[in-house]
There are 2 protein chains.
Amino acid sequence: MLQHPTVDQISLPHVLAVLGDQTRLAILGDLARRGDEPLACAEFKLLGSKSNLSYHFAKLREAGVIRVEPCGTKRLISLRRDDLNARFPGLLDSILATAITLPPPEKRIEQAV
Amino acid sequence: MLQHPTVDQISLPHVLAVLGDQTRLAILGDLARRGDEPLACAEFKLLGSKSNLSYHFAKLREAGVIRVEPCGTKRLISLRRDDLNARFPGLLDSILATAITLPPPEKRIEQAV
DNA sequence: TCAAAAGTTCAATGGATTTTGAACCAAAGG
DNA sequence: CCTTTGGTTCAAAATCCATTGAACTTTTGA
């Protein structure tokens with residue numbers, strides 16, 4: 001079982017620190033653009049190497065921003081939208097409004113074949 | 001003249017990265033609690049040493065979160081509330097709502113005589 | 001039973017951030 | 001002037017973060 005913080009364990013400094021990163025903001029943007037549908041890690045591969053993404057997913061999960069649930073050999077990533085709204089009303093929406101418009105990090109451009 | 005980014009130069013990743021820090025969030029909390037009244041640097045001295053605060057103020061200013069204006073031998077710090085609201089509607093308010101409730105970093109407790 | 005698929009973990013690296021104290025600067029007042 | 005007040009700058013030290021590649025685990029399907 002993967003460790004996720006409960007709603008009241010989610011801390012603002014932690015969330016902000018974790019979201020102050022291009023790659024993680026791009027992950028959020030992708031999730032939001034896909035309508036909050038859970039996505040497998042592999043869907044984000046243009047954003048970095050497998051091991052690097054694994055690292056970023058762990059950061060987001062530990063901060064309470066995403067939920068990660070095993071599903072067969074995959075892991076499904078989803079936004080903890082309701083939990084974040086409950087804890088910090090308005091925060092996620094205002095961030096997503098901009099995140100979905102953000103140009104993806106260099107990586108995606110270089111690696112896109 | 002101190003360099004401040006214009007409204008459209010303010011970037012979300014930059015703002016989030018800068019606010020993902022206890023000390024800087026505490027500075028924001030103090031500003032908000034005082035009703036957005038401009039405060040001199042010295043008003044924040046319980047949050048750190050002079051040189052350390054100077055470093056944090058520069059970070060906040062460069063990210064477009066605060067304005068710093070010389071006034072005699074002092075420098076007045078103020079929130080760029082209108083600019084941030086224009087650029088990222090709802091973001092600042094949702095952060096401040098929590099920031100004003102945040103327990104101050106250790107420093108303030110240790111140093112408070 | 002085996003191999004492929006999907007991710008994780010680890011140690012190593014390089015880079016960025018934070019903190020400190022000492023030296024410095026500039027405005028205001030006596 | 002000269003001193004105080006209020007802050008800045010600098011270099012050094014200490015942390016912390018992101019990225020990589022190689023080795024590993026787990027689940028599933030043939």
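A note on names: the letters A, B, ... follow the listed sequences, proteins ahead of strands, and every chain is numbered from 1.
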Could you state the atom-to-atom distance from [atom1] of [X] to [atom2] of [N] in whole Å?
X: Leu60(B); N: dT17(C); atom1: CG; atom2: P; result: 14 Å
X: Lys45(A); N: dT19(D); atom1: NZ; atom2: C1'; result: 20 Å
X: Leu2(B); N: dA27(C); atom1: CG; atom2: P; result: 13 Å
X: Leu76(A); N: dT27(D); atom1: CG; atom2: C1'; result: 14 Å
X: Glu69(B); N: dA26(C); atom1: CD; atom2: P; result: 20 Å
X: Gln22(A); N: dA18(D); atom1: CD; atom2: P; result: 12 Å
X: Leu53(B); N: dT20(C); atom1: CG; atom2: P; result: 10 Å
X: Phe44(B); N: dG7(D); atom1: CZ; atom2: C1'; result: 14 Å

Quiz item: Base, sugar-phosphate, or nothing: which does Ala58(B) touch, judged by heavy atoms less than 4.0 Å apart?
Solution: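 Answer is nothing: Ala58(B) stays at 4.0 Å or more from every strand.
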
Practice problem: Select base, sugar-phosphate, or nothing to describe what Phe57(B) touches, counting heavy atoms under 4.0 Å on all strands. | Solution: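 Answer is nothing: Phe57(B) stays at 4.0 Å or more from every strand.
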
Quiz prompt | Side-chain ion pair, Arg67(B) and Asp83(B), N-O less than 4.0 Å | solution =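 Yes.
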
Quiz item: dG6(D) base to Lys74(B) side chain: any donor-acceptor pair below 3.5 Å?
Solution: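 Counting by modelled atom types and ignoring angles, no donor-acceptor contact under 3.5 Å is found here.
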
Quiz item: Could you walk me through whether Leu47(A) and Asn52(A) pass the side-chain contact (heavy atoms from CB on, under 4.5 Å) check?
Solution: CA-CA 9 Å; Leu47(A) 297 176; Asn52(A) 189 214; over 6 Å; no

Quiz item: Within the structure, does a side-chain N or O atom of Arg75(A) lie under 4.0 Å from either OP1 or OP2 of dT8(C)?
Solution: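 Affirmative; the distance criterion is met.
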
Quiz item: Is there a side-chain polar atom (N or O) of His56(A) under 4.0 Å from OP1 or OP2 of dT19(D)?
Solution: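 Indeed, a polar side-chain atom of His56(A) lies that close.
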
Side chain of [X] - closest among [options]:
X: Asn52(B); options: dT19(C), dG6(D), dT9(C); answer: dT19(C)
X: Ser49(A); options: dA18(D), dT20(D), dT17(C); answer: dT20(D)
X: Thr73(B); options: dG6(D), dT18(C), dT19(D); answer: dG6(D)

Self-check item: pair Leu53(A)-Ile27(A): side-chain heavy atoms closer than 4.5 Å
Solution: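 With C-beta onward as the side chain, the pair touches.
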
Quiz item: Mind checking whether Thr98(A) and Leu91(B) have side chains closer than 4.5 Å, heavy atoms only?
Solution: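 SC-SC contact between Thr98(A) and Leu91(B) ruled out.
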
Practice problem: Return the 5'-most residue of the pair Tyr55(B), Arg24(A) with respect to DNA chain D, ranking by each residue's nearest nucleotide. | Solution: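 The answer here is Tyr55(B).
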
Quiz prompt | Distance-minimising heavy-atom pair for Ile10(A) and Gly64(A) | solution =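 Heavy atoms of Ile10(A) and Gly64(A) come nearest at CD1-O, 3.7 Å.
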
